Number of protein chains: 2
Amino acid sequence: MARTQGSHSDITGPRVRAAALQLFAQHGYAAVSMRQIAREVGVQAGALYNYTPDKQSLLFDLMQTHMTELLAAREDLQDSGSPTEALENFTRLHLRFHSERPDEVFIAYMELRNLTPENFAVIEELRRKYEDALETILRAGVEKGDFEVSDPKIATMAVIAMLTGVNTWFREGGRLSLAEVEQIYWDMVRKSVGA
Amino acid sequence: MARTQGSHSDITGPRVRAAALQLFAQHGYAAVSMRQIAREVGVQAGALYNYTPDKQSLLFDLMQTHMTELLAAREDLQDSGSPTEALENFTRLHLRFHSERPDEVFIAYMELRNLTPENFAVIEELRRKYEDALETILRAGVEKGDFEVSDPKIATMAVIAMLTGVNTWFREGGRLSLAEVEQIYWDMVRKSVGA
DNA sequence: GTTTTAAACGAACGCATGTTCAGATAACGG
DNA sequence: CCGTTATCTGAACATGCGTTCGTTTAAAAC
């Protein structure tokens with residue numbers, strides 16, 4: 001029973017990625033089989049190969065798309081203001097972007113070791129670019145005398161770790177709204193760099 | 001060829017756990033087979049079942065041991081001093097303990113979803129106890145007027161995330177010594193809670 | 001109304017998985 | 001020196017894996 005209604009490729013393709021995203025995030029790449037993904041989509045396993053050359057590419061595409069979108073969102077920020085304003089923009093963007101995409105974030109941080117070396121290098125490069133953006137802001141603030149940071153490299157890692165940690169507990173509809181969470185984290189980030 | 005020298009159970013047992021620890025951390029629980037662990041130990045797969053009832057127990061034991069040791073180390077700290085001193089002790093202990101056990105920490109954070117529901121509940125309870133310790137310190141500091149923290153629960157999560165992030169980049173023998181890293185992170189933690 | 005083609009089926013491939021267990025081996029206690 | 005026992009082997013089990021491919025279906029094109 002193929003094609004029970006209309007052309008499917010532009011519907012099934014996104015559904016395959018959505019199912020892979022959800023299942024990889026929930027159980028982990030290695031623990032999810034192509035047959036599970038197919039069952040979620042409502043299709044036989046063989047049909048998945050109309051949409052991905054293999055399982056590895058499915059993972060890589062999800063991660064690359066996520067990192068590319070993150071970088072694009074970051075570049076949309078015009079850091080014309082002061083370092084403090086730039087840092088606030090970065091902080092709020094990071095929190096908003098990450099809290100909107102818990103599954104993508106989870107995969108991007110947990111499944112790096114399941115990438116082939118070539119694919120890993122690509123993702124790492126994207127991640128490095130993102131970290132560089134924050135480090136640049138911190139260095140500008142230090143140079144201008146606005147921030148008090150002894151080691152910008154470490155401060156970058158510390159701030160990103162702190163912000164990304166929001167995904168371990170924040171759920172929309174919980175005790176606090178995203179706006180409140182943004183404010184609390186921004187207060188902590190600001191103080192931690194002495195701004 | 002069994003027992004080529006002396007009794008092995010008290011040697012092989014720890015070696016099984018060590019191999020599992022290293023392999024789970026490197027490739028992930030789901031991606032590591034019992035035969036890989038056995039090969040690392042230098043034994044056939046069947047022999048592993050003299051030391052663990054199954055693969056799941058191997059993972060659970062590693063995580064439970066780690067969390068129990070962490071809590072024990074935490075309880076060895078006498079927080080007789082001020083909240084600020086208690087927070088500094090907590091910060092330095094966390095950094096030291098975690099940087100000494102990168103594999104255990106990695107597993108404890110990444111493999112939660114591969115625990116059975118019963119085992120997961122046990123580990124989560126241990127983690128909650130550890131987080132409670134920090135939250136108690138923060139609340140004491142707020143009450144005494146030493147800290148400036150709007151939401152102790154969130155501040156707890158933020159600080160722990162920031163500190164645990166040290167494991168994503170810190171390697172002994174790198175640019176900075178552990179003592180230097182401790183100082184930098186303590187500065188940032190102290191400032192972030194307004195102490 | 002016929003032909004083309006996108007899309008999915010469903011069986012098959014070789015191989016790996018966690019776990020069990022009867023049998024072999026070698027150090028130990030007597 | 002012999003019998004016991006802790007320890008490990010090695011084969012087997014059912015099941016599942018990622019991937020391939022000839023075949024079937026039904027919508028689209030003409």
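To find a chain, count down the sequence lines: A is the first, B the second, and so on, and within it residues start at 1. Since this is a predicted model, take the numbers as computed values, not measurements.
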Check: Just how far, in rounded Å, is C1' of C:dC9 from CD of A:Gln44?
Finding: 6 Å
Margin query: Categorize A:Val41 for me: base, sugar-phosphate, or nothing, with a 4.0 angstrom heavy-atom threshold over every strand shown.
Written below: nothing
Check: Could you state the CG-C1' distance from A:Asn114 to D:dG18, rounded to the nearest angstrom?
Finding: 15 Å
Checklist line | Side chain of B:Asn50 (C-beta onward), nearest among D:dC8, C:dT17, C:dA8 | finding: D:dC8
Check: Should the pair A:Lys144-A:Asp146 be classified as a salt bridge under the 4.0 Å nitrogen-to-oxygen rule?
Finding: yes
Using a 3.5 Å cut-off and no angle test, enumerate the donor-acceptor pairs between side-chain atoms of residues 43-50 of chain B and protein atoms at least two apart in sequence or in another chain.
residue : atom : partner : partner atom : Å
B:Asn50 : ND2  : B:Ala47 : O            : 3.4

Check: Given atom OH of A:Tyr51 and atom P of C:dA6, what is their separation to the nearest angstrom?
Finding: 12 Å
Notebook entry, point to check: Got a donor-acceptor contact below 3.5 angstrom from the A:Lys191 side chain to the B:Val189 backbone?
Noted result: no
Note to self: Does D:dC8 have OP1 or OP2 under 4.0 Å away from a side-chain N or O of B:Thr12?
What the structure shows: yes
Item checked: Residue closer to the 5' end of DNA chain D, A:Met34 versus B:Val43 (nearest nucleotide) -> B:Val43
Note to self: Can you measure A:Arg35 atom CZ to D:dT15 atom P for me and round it to whole angstrom units?
What the structure shows: 14 Å
Next item on the list: Specify the angle, to 10°, made by the local axes at the two ends of the helix from C:dG1-D:dC30 to C:dG30-D:dC1 when five pairs are taken at each end.
Entry: 10°
Checklist line | Candidates A:Glu124, A:Gln64, A:Gln56 - the one meeting side chain to side chain donor-acceptor pair (under 3.5 Å) with A:Asn119 | finding: A:Gln56
Next item on the list: Return the value, rounded to whole Å, for the distance between atom CD of A:Gln36 and atom C1' of D:dT15.
Entry: 14 Å
Item checked: Backbone N/O of A:Ala108 and side chain of A:Arg127: donor-acceptor pair under 3.5 Å -> yes
Next item on the list: Among D:dT20, C:dA8, C:dT17, find the nucleotide with the atom closest to the side chain of A:Tyr49.
Entry: D:dT20
Check: Ring centroid separation for B:Phe106 and B:His66, is it under 6.0 angstrom?
Finding: no
Next item on the list: Would you please confirm or rule out a distance under 4.0 Å between OP1 or OP2 of D:dC17 and any side-chain N or O of A:Ser33?
Entry: yes
Notebook entry, point to check: Expressed in angstrom and rounded to an integer, what is the separation of B:Lys55 atom NZ from C:dA16 atom P?
Noted result: 15 Å
Item checked: Distance, rounded to the nearest Å, where B:Ile37 contributes CD1 and C:dA16 contributes P -> 17 Å
Check: Counting N and O atoms only, with roles assigned by atom type, does the side chain of A:Arg113 sit under 3.5 Å from a partner on the main chain of B:Ala25, one being a donor and the other an acceptor?
Finding: yes
Item checked: Protein-nucleotide distance (A:Arg15, atom CZ; C:dA7, atom C1'), rounded to Å -> 14 Å
